[in-house]
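What follows is a single structure, written as structure tokens, with notes after it.
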Number of protein chains: 2
Amino acid sequence: MATVSRVINKVPSVDPALAKKVWESIQKLGYVPNTQARALVSGRSKLLGVIISDITNPFFPELIQGFEDKAVEVGYETLIGSTNYDLQRMELCIQRMLERKVEGVAVMTFGIEEPLLDRLASQGIPMVFIDLAPKKKGISTIRVDYQKGIYEAVQHLAVLGHRRIAFISGPERLHSAVARLQAFRNAVDDIGLRVPESYVFYGDHTVEGGERGVEHLLTLSRPPTAIMCSNDMTAIGAMHALSRAGLSIPRDISLIGFDDIRISEYMLPPLTTIRMSGRDIAASAVTALLDSSTPPRDVETKLVVRQTTTVPAGTLADLRKKSGKAQRGR
Amino acid sequence: MATVSRVINKVPSVDPALAKKVWESIQKLGYVPNTQARALVSGRSKLLGVIISDITNPFFPELIQGFEDKAVEVGYETLIGSTNYDLQRMELCIQRMLERKVEGVAVMTFGIEEPLLDRLASQGIPMVFIDLAPKKKGISTIRVDYQKGIYEAVQHLAVLGHRRIAFISGPERLHSAVARLQAFRNAVDDIGLRVPESYVFYGDHTVEGGERGVEHLLTLSRPPTAIMCSNDMTAIGAMHALSRAGLSIPRDISLIGFDDIRISEYMLPPLTTIRMSGRDIAASAVTALLDSSTPPRDVETKLVVRQTTTVPAGTLADLRKKSGKAQRGR
DNA sequence: GTGAAAGCGCTAACAT
DNA sequence: ATGTTAGCGCTTTCAC
């Protein structure tokens, strides 16, 4: 019995011949080791938890998929918990994870969830957060370089000739949202543009938020020629509102999203957006949980140009007019 | 110790006063029962498995989400496995599930996966399939009523005036795809339309399949005025190909999808489709696994009219012409 | 290199 | 109504 255990765990001290016989018997008998028993005695559950907030955001399925894949790759299983911004649901999640003795928890809610910390930290369970996390040992942070992608996007618009660029943000309480807005402000400053306060609308990272944002921006006496959104769902909402207003994208107005969720590519026209790979984040999270010695790799963001951006409305007409004048001038 | 166990498991024979003291101590000590140990001794893992095939199909995240939610609701945890149509990956999935001693497995691959059966069935693990499953005890089937939704869709098109309706199918080896195509044929027959073979294109349930389907249909000398698709991804591909061909939806051609994945609503224009709720299927699956006595509830499908369907091109013009003649005739 | 024995944290059958 | 005990299936000393 002990030998079988050694064979299964590939302890080198087993006679290869015996080991082979054991493997054959395992095959023949259809023996399957019992994970619960192994976990019980070894104290290692081989389980990793992921906690997400908002199910309805299509960013998360991709995140979870990536996490799951990476976890299986390194011999772990995944326990998923979604809080839906509900404290009670979160408590339940934590309880479940504690009971299953997860060996680490990735908190992918883009915000600090205080109640999580105490319960989990007190058990010494490694945790990984996105963006920002309380400084404690056993807790690591995956930093996202929002600036890079957003700078690329603003520059892209500027090069096309846009000077009036608006931003539809996410909720102010969400760190990832304020970080994106800040990155936008930095980029715009850097390039030497001025963005009036009326060009910044606070949405909520949902389609509806994007719709409201556009509705607001269109009431302005000098509406923007381009809109950047804090996430793709917002951008999709913007597309709908724009189309409802009879405006054509990108001819009348350019639009850039953030996240690069799968839908974005499928939109009509395909959405230009800033990619933040959920898979990368997930992989980084798994690594961080299992090896808390090395700090997790940062996640980069980058512009993906598709078809919702072009020169500002009128530019082409202006050009044509000018060339017309030039011809007449001859 | 036994008393604590009894309190936690709510065995009624415990003195309420003592029980209360136990709960207080649990609270104070931050005690968390060890699921592995409970599972080991009780033989109940409180784990349910879901196996899906194609990660890239956005139908599955919704299915999984529903499964997870329902499972948690009834006190179970979910083990996810995705095969990606790869036999080896499937073997791995099964192994993991066996090792974790899942109490049931939902095979949501829309096809029978033979190798699954032997390994799982031999352990007497309940299984649930979609659409069709080998007749064995412990195996139940969730039947999807494709006919209803598809009939509604065909009728919807017919009422609008469409007579030339094409169908972009899924792969022939996939049961769910052939069932949908058959339902389409039945519906069309019923209504008294004839569909030439050139109007049926076999795609593969991906965006690319939909694009190829449209490209084929547009080469026809008498192209269809409406296209139904075997799933929403196909329909989205169709939208792209149509738009690339300079055709407007629904003015030039009407389009109906199948599944009603979340994206569909967000498309521009929002996709008219046939809803098959992943959440319903998931809930039904969980129920079936835990209570194999009653057969699972069937899942219905129903038409969701959005904005990709209208009268055939030319109809309005014809009407106008006619009314013009009528006026002149006065 | 291999077998014997202890024990992981819990539940359930048995006493009291 | 509560305490005592055996044992779930495995890993890990400890002997040999």
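Chain A is the first sequence line, chain B the second, and so forth, proteins listed ahead of strands; every chain is numbered from 1.
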For a salt bridge (charged side-chain N to carboxylate O under 4.0 Å, His left out) check, start with the C-alpha distance between E77(B) and R100(A), then their side-chain angles and the critical distance, and finish with the verdict.
CA-CA 10 Å; E77(B) 227 86 45; R100(A) 295 260 176 208; 3.0 Å; yes
Salt-bridge criterion met for K28(A) and E24(A) (N-O under 4.0 Å):
no
Send over the distance from Q36(B) CD to dG7(D) C1', rounded to a whole Å.
18 Å
Do any N or O atoms from the side chain of R180(B) and from the backbone of S230(B) form a donor-acceptor pair under 3.5 angstrom?
yes
Atom-to-atom span, CZ of R6(A) to P of dT13(D) - whole angstrom:
11 Å
Just so I know, are the side chains of L98(A) and I125(A) near enough to count as touching, which here means a heavy-atom distance under 4.5 Å?
yes
To the nearest Å, how far apart are L29(A) CG and dG9(D) P?
15 Å
Need to verify one output field. Residue with the more 5' nearest nucleotide on DNA chain C, M1(B) or V41(A)?
V41(A)
Enumerate the residues from residues 13-23 of chain A whose closest heavy atom to DNA chain C is under 4.0 Å, giving them by residue number; use none for an empty result.
S13(A), V14(A), D15(A), L18(A)
Distance below 4.0 Å between N34(B) side-chain N/O and dC8(C) OP1 or OP2
no
Find the distance R38(A):CZ to dC8(C):P and express it as a whole number of Å.
19 Å
How about L290(A) and Y76(A): do any of their side-chain heavy atoms sit closer than 4.5 Å?
yes
Any idea which of dA12(C), dA5(C), dT11(C) is nearest the A2(B) side chain?
dA12(C)
If I take atom NZ in residue K46(B) and atom P in nucleotide dC10(C), what distance separates them, rounded to the nearest angstrom?
17 Å
Are OP1 or OP2 of dT11(C) and a side-chain N or O of S5(B) less than 4.0 angstrom apart?
yes
Would you mind telling me which of dC10(C), dT11(C), dC8(D) lies closest to the side-chain atoms of L40(B)?
dC8(D)
Do you see a donor-acceptor pair shorter than 3.5 Å between the side chains of T83(B) and D86(B)?
no
Does the N57(B) side chain pair with the main chain of F60(B), one donor and one acceptor, at a distance under 3.5 Å?
no
In whole angstrom, give the distance that lies between atom NZ of K101(B) and atom P of dC10(C).
20 Å
Which nucleotide, dT11(D), dT13(D), dA12(C), lies nearest any side-chain atom of S42(A)?
dT11(D)
What is the nucleic acid contact for T3(B), judged by heavy atoms within less than 4.0 Å: base, sugar-phosphate only, or nothing?
sugar-phosphate
Would you say the side chain of S53(A) lies within less than 4.5 Å of the side chain of Y85(A), judging by non-hydrogen atoms?
yes
NZ/NE/NH1/NH2 to OD/OE distance under 4.0 Å, E73(B) and K70(B):
yes
If each end axis of the helix from dG1(C)-dC16(D) to dT16(C)-dA1(D) is fitted on five C1' pair positions, the angle between them, to 10 degrees, is 40°
